[in-house]
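Please read the structure below before turning to the comments.
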Amino acid sequence: MEGALNLLGGATICPASTRCQSLLSPQLHFVSSIAQSAGLYTNGKRLSCRRVGSRVRCERNVADVLDRKVTEPRSSGDNEQQFTCVMKFGGSSVASAERMMEVAELIRSFPEERPVIVLSAMGKTTNKLLLAGEKAVSCGVTNASDIEEMIFIKELHLKTADVLGVDRSIIANHLDELEQLLKGIAMMKELTLRTRDYLVSFGECMSTRIFAAYLNRIGVKARQYDAFEIGFITTDDFTNADILEATYPAVAKRLLGDWNSDPAIPIVTGFLGKGWRSCAVTTLGRGGSDLTATTIGKALGLREIQVWKDVDGVLTCDPNIHSGAEPVPFLTFDEAAELAYFGAQVLHPQSMRPAREGDIPVRVKNSYNPQAPGTLITRNRDMSKAVLTSIVLKRNVTMLDIVSTRMLGQYGFLARVFAIFEDLGISVDVVATSEVSLSLTLDPSKLWSRELIQQELDHVVEELEKIAVVKLLQHRSIISLIGNVQRSSLILEKAFHVLRTNGVNVQMISQGASKVNISLIVNDNEAEQCVRALHSAFFEIDELKLDAGCTSQNGSVSASNTA
Ligand SMILES: Nc1ncnc2c1ncn2[C@@H]1O[C@H](COP(=O)(O)OP(=O)(O)O)[C@@H](O)[C@H]1O
Ligand SMILES: N[C@@H](CC(=O)OP(=O)(O)O)C(=O)O
C-alpha cells in the first residue's frame, strides 16, 4: 500500500481514513497521527517493527524517524504573510484581569503584526497547583475541595472571567476536573510526576481560554489551542520533557491550516506537550513557555520571537540579588543560552535552541514597561568592546572531587568516571581536570526532578569509589561570568581582585569549551555577596579605578585545588 507504515509485526498503519488503523493500540495510533500530520509517509516509506514478547521493538525506530526525518522546511513563502512574530506573555504579564486587558491592548498596539500568542498560567498558579497537589496527598478525599490553593485558583479564574466579561462556562469544566483530580490524588495518596504534569497543565489551559474569549469579546478574532493537541510532541520525561523534531512540521501544519481556512490569532498554551509514548500531558520544565514560543517561532520561520516579562530585559544580574542590575541591550544566542543554563530564571535553559537553529531574533521585553527597549538576542553581535555581559548564580550545587587510586599515566580514568555518570543518568555541569584527578559539579535540576537526591548521590559516590578517592562537597554555588572570553585575563584579573578583597576562596574554576562563560565555584553562604561585589566592580565602578596591578590567585586554583 502506498503511504503505509508497517507496525506490530505485519499490521499496517494506514492513512486515518482507512479501516486498518483499528488494529493499532492508542499509543501507535498517536504515533501514526504524528507521522501523518508531519507528512512522514506520504512518499511510500515503510518501517518494519517486530513484537518482542509483549513489547513492540519498532517504537524506538519510529521515534528516531520522527526525530530525524521530519525536519523538512517548515515555512513556505506564504507563512510570512500569515504570521509575523510570536509573542509570549509570562505568568506575571497575565496575573489578573487588569493585566490581561493591558496585554490585549499591547497586542492591538502592533496592528502591523500578525502574532501567534503564547501564554503561561496566571501569576503564581503553577506553584499553587503544585502545592495543592502535595496537600491533596495527605488531606483526605473529603477535604480535597477545601484546599486553600484550590479555592484561590478557582476564585482567581472565575473573578478574571467575570471582570473580563467572558462566560464562566469557558473554564467551568476545567475547574470541575481539577477538583476531581485533587480528590483522585487524595484517594491514591500519591502524586506521580505524570500526575503532576497533568495537574499543572490546568493553569495554562485556563489562562488561554479566558484570554482568547476576551479577545473575541473585544472584537479581536482569536482561537485557543492546547499545545498537546496541536503537535507539541515530547519525550516522556515528565516535568522536564524535551521537544521532538516532529513537533515543528506538525505545529506549522496545524496553525497555518487553521489560519488559511478561518483566520484568527492563535492563543497557545505555553509549557505543555504530549509524550510520544504515553500520550499523556508533559511539561517542558519550569519556565517552559519560553521554549514553546521559540519552538513556534522556528516551526513557522517567523521574523521575531518576543518574550514579555516583568523586567526591562535580561539584566546584568538577578535583580533579587542586587537591585542595581541593569538591562543588557544585546546578547548572542550563545550568551543567552549559557546564562539561562547557569541559572538566570529570566529564560528557560533550552529556549535558545530553536531560535538559534532557525536564526530567529529573540526580544525580551517588559509588559509593564513596553517603551523600554529590552534585550535583543541574535546569532552575532559586535563583541569588540564587550567584556562582561552578565553575572549569574546557581545555588545549592553539589561538587565532587575525584582522585584516581591508580598512578600517573593510567589512561581511561576520565572515560570510566563519565561512564558511571552516563549509567546513572546524571548530568554534569562544570568540570576541571588534571591527569589523575577531576572536580565537577552535578546538575541539581536533574537530581531534584527525581526527588532522590541523597540516595542518588550516595550511589554515585559508591560507584566512583571503586576507582577513585571521592570527596562529596555540598552547598556550593556556581557564579558564571558571561561575556567575552577573548578577554578572559582581564575578567579573571578583576574577578579575583574582588574575591580576594572580600576574603572569598574560589574552589574551582572552569572556562571550558564555552567562549562566553567562566564559572567559579564558591560556598553557598558567600555567593550572593560575591555577585554583588563582582557586579559593582564590573558594572558600577569606573574601570580606571580598578588597579590592574593586583595579584591574581590564578596559580592557586586548579582542578585539584578544591576545599
Ligand atoms: N539576569 C536576569 N535578568 C532578568 N531577570 C532575571 C535575571 N535573573 C533572574 N531574573 C528574574 O526573572 C524574572 C523573570 O522571569 P520569569 O519569572 O520567568 O518571567 P515570566 O513569568 O514573566 O516569564 C524577573 O522578575 C527576575 O526576578
Ligand atoms: N507556568 C509555568 C510555565 C512558565 O513558563 O511560566 P512563566 O512564563 O510564568 O515563567 C511555570 O510557572 O513554570
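When a ligand or atom number is given, it counts from 1 through the structure's own listing order. Position 1 is the first residue of the sequence, and the numbers go up from there. Quick caveat: nothing in here was measured; it's all calculated off a predicted structure.
For Pro370 against Lys365, the heavy-atom pair with the smallest separation is O-NZ, 2.9 Å.
Residue Pro319 touches ligand 1 through its side chain alone, judged by heavy-atom distances below 4.0 Å. The parts of Asp318 lying near ligand 1 are both backbone and side chain, judged by heavy-atom distances below 4.0 Å.
Residue Arg286 has at least one heavy-atom neighbour below 4.0 Å for each of these atoms of ligand 2: 11 (C), 12 (O), 13 (O). With ligand atoms numbered from 1 in the order given, ligand 1 contributes 21 (O) to contacts under 4.0 Å with heavy atoms of Gly91. Counting atoms of ligand 2 from 1 in the listed order, those under 4.0 Å from a heavy atom of Phe271 are 2 (C), 3 (C). Within ligand 1, counting atoms from 1 as listed, the ones closer than 4.0 Å to a heavy atom of Val314 are 3 (N). Atom numbering of ligand 2 starts at 1 in the shown order; those under 4.0 Å from a heavy atom of Lys88 are 8 (O). In the vicinity of Gly90, heavy-atom distances shorter than 4.0 Å reach the ligand 2 atoms 8 (O), 9 (O).
In the model, Thr295 has no side-chain atom that pairs as donor or acceptor with a side-chain atom of Thr292 under 3.5 Å. Side-chain contact annotation: Arg286 with Asn127, donor-acceptor N/O pair under 3.5 Å present. Judged by distance alone, the side chains of Asp242 and Thr235 never bring a donor and an acceptor atom under 3.5 Å apart. Counting only N and O atoms by type, the side chains of Thr269 and Asp226 include no donor and acceptor under 3.5 Å apart.
The single protein non-hydrogen atom nearest to atom 22 (O) of ligand 1 is Ser92 OG, 2.8 Å, given as residue, atom name and distance. Considering only non-hydrogen protein atoms, atom 19 (O) of ligand 1 sits nearest to Lys309 CD, 3.4 Å. Atom 13 (C) of ligand 1 has its closest protein heavy atom at Asp310 OD1, 4.0 Å. Val346 CB, 3.4 Å is the protein heavy atom nearest to atom 5 (N) of ligand 1. Of the protein's non-hydrogen atoms, the one nearest atom 4 (C) of ligand 2 is Ser289 OG, 3.4 Å. In terms of protein heavy atoms, atom 20 (P) of ligand 1 is closest to Gly90 CA, 3.7 Å. Looking only at protein heavy atoms, the nearest one to atom 10 (O) of ligand 2 is Gly287 CA, 3.7 Å.
Residue Cys317 places a heavy atom under 4.0 Å from ligand 1. Residue His348 places no heavy atom under 4.0 Å from ligand 1. Ligand 1 lies nowhere less than 4.0 angstrom from a heavy atom belonging to Gly287. By the 4.0 Å heavy-atom criterion, Gly288 is counted among the residues contacting ligand 2. In this structure, Gly270 has no heavy atom closer than 4.0 Å to ligand 2. For Gly313, the closest heavy-atom approach to ligand 1 falls below 4.0 Å.
Ring geometry for Trp308 versus Phe89: interplanar angle under 30°, hence parallel rather than tilted (30 to 60°). Relative orientation of the Tyr198 and Phe202 rings is perpendicular, given thresholds of 30° and 60° on the angle between their planes.
Using a 4.5 Å heavy-atom threshold, the side chains of Leu490 and Arg487 count as touching. Counting heavy atoms from C-beta outward, Tyr368 and Arg99 have side chains that approach closer than 4.5 Å. Taking 4.5 Å as the limit, some side-chain heavy atom of Met122 sits within range of a side-chain heavy atom of Leu156. A heavy-atom distance below 4.5 Å is not found between the side chains of Val531 and His322.
The pair Lys128-Glu148 does not count as a salt bridge, with every side-chain nitrogen at least 4.0 angstrom from each carboxylate oxygen. Under 4.0 Å is where a charged nitrogen must lie from a carboxylate oxygen, and between Arg381 and Glu335 at least one such pair does. Using a 4.0 Å cut-off between charged nitrogen and carboxylate oxygen, Asp524 and Arg476 do not count as a salt-bridge pair. Ion pair Asp167/Arg217 not flagged as a salt bridge, since none of the NZ, NE, NH1 or NH2 atoms sits closer than 4.0 Å to an Asp/Glu carboxylate oxygen. With salt bridges taken as basic N to acidic carboxylate O contacts below 4.0 Å, one links Asp334 and Arg356.
Of the candidates Gln345, Lys124, Glu204, Lys309, the one placing a heavy atom closest to atom 2 (C) of ligand 2 is Glu204. In the candidate list Arg286, Glu326, Lys88, Gln345, Gln345 is nearest to atom 18 (O) of ligand 1, counting heavy atoms. Among Thr389, Leu347, Asn320, the residue whose heavy atom sits closest to atom 27 (O) of ligand 1 is Asn320. The option with the heavy atom closest to atom 6 (O) of ligand 2, from among Ser92, Ser120, Gly91, is Ser120.
Any N or O atom pair closer than 3.5 Å counts here, and Asp290 shares no such pair with ligand 2. Annotation: Leu315 places an N or O atom under 3.5 Å from an N or O atom of ligand 1; distance criterion only. In terms of polar-atom proximity, defined here as any N/O pair under 3.5 Å, Asp290 makes no such contact with ligand 1.
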